[in-house]
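Remember, it's a predicted structure, so these values are computed and weren't measured experimentally.
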Amino acid sequence: MKINLTVIIKSKSEYREELKAILVDLTKNSKKEATCLQYDLHQNIEDPNVFILHEVWKNNEGLDLHKEQLHFLKFNQVSELFLEEKITVYTTSRIG
């Protein structure tokens with residue numbers, strides 16, 4: 001069963017560009033994973049400190065494997081320093 005995620009990430013202003021570079025790298029490498037069906041990075045126009053990831057994974061096993069990848073672990077290492085608030089993750093089902 002496909003896993004759909006929407007992830008909301010709010011950067012501290014002084015770390016926005018550093019976090020953006022890490023998120024671009026995370027996106028690029030995540031798209032290479034065999035079970036990644038979609039991985040899109042967006043930046044909020046009204047608040048450029050807010051980044052949104054839309055992810056679709058083939059299954060739970062693929063998502064679990066993603067969480068063990070170096071690019072994901074790298075993001076997790078710096079996230080506490082760079083983030084204004086805790087990351088919000090929504091697991092969703094597509095209805096349209």
Partner set under side-chain hydrogen bond (donor to acceptor under 3.5 Å, both in side chains) for [X], not counting sequence neighbours:
X: Asp25; value: Asn29
X: Gln69; value: none
X: Ser13; value: Asn49

Might you confirm whether atom CD1 of Ile45 has over 12 heavy atoms from other residues, nucleotides or ligands at distances under 6.0 Å?
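Not more than 12 within 6.0 Å, no.
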For Glu85, does the CD atom have more than 12 heavy-atom neighbours from other residues, nucleotides or ligands under 6.0 Å away?
yes
Give, for atom [atom1] of [X] and atom [atom2] of [Y], the distance between the pair rounded to the nearest 0.5 Å.
X: Leu23; Y: His71; atom1: CG; atom2: NE2; result: 12.0 Å
X: Gln38; Y: Lys31; atom1: CD; atom2: NZ; result: 8.5 Å
X: Phe51; Y: Leu26; atom1: CZ; atom2: CG; result: 12.0 Å
X: Lys2; Y: Asn59; atom1: NZ; atom2: CG; result: 11.5 Å
X: Ile87; Y: Leu53; atom1: CD1; atom2: CG; result: 8.5 Å
X: Ile52; Y: Asn44; atom1: CD1; atom2: CG; result: 6.0 Å

Residues at least two apart in sequence or cross-chain that pass salt bridge (Lys or Arg N to Asp or Glu O under 4.0 Å) with Lys20, listed by chain then number, are none
Does the side chain of Tyr39 come within less than 4.5 Å of His66's, by heavy atoms?
yes
Leu65 versus Thr35: any side-chain heavy-atom pair under 4.5 Å?
no
Considering all heavy atoms of both residues, which atom of Ile3 and which atom of Leu63 are nearest to each other, and what is their separation?
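In this case the closest contact between Ile3 and Leu63 is CG2-CD2, 3.9 Å.
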For the residue pair Thr6 and His54, what are the closest heavy atoms and their distance?
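Minimum heavy-atom separation between Thr6 and His54: OG1-ND1, 3.5 Å.
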If the condition is ring pair (Phe, Tyr, Trp, His ring centres under 6.0 Å), which residues does Phe82 pass it with, not counting sequence neighbours?
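Per chain and number, Phe82 pairs via ring pair (Phe, Tyr, Trp, His ring centres under 6.0 Å) with Tyr15.
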If you group Ile, Leu, Val, Met, Phe, Trp and Tyr by side-chain heavy-atom gaps below 4.5 Å, do [X] and [Y] land in one group?
X: Val7; Y: Leu81; value: yes
X: Val78; Y: Val89; value: yes
X: Ile8; Y: Phe72; value: no

Would you mind listing every salt bridge (charged side-chain N to carboxylate O under 4.0 Å, His left out) that reaches into residues 3-19, with sequence neighbours excluded?
Lys10-Asp47
Side chain to side chain contact (heavy atoms under 4.5 Å, CB included) evaluation trace for Leu19 with Phe75
CA-CA 8 Å; Leu19 181 61; Phe75 168 73; 3.7 Å; yes
Please check if the side chain of Ser30 supplies one atom and the backbone of Thr27 the other of a donor-acceptor pair under 3.5 Å.
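No, because the side chain of Ser30 does not come within donor-acceptor range (under 3.5 Å) of the backbone of Thr27.
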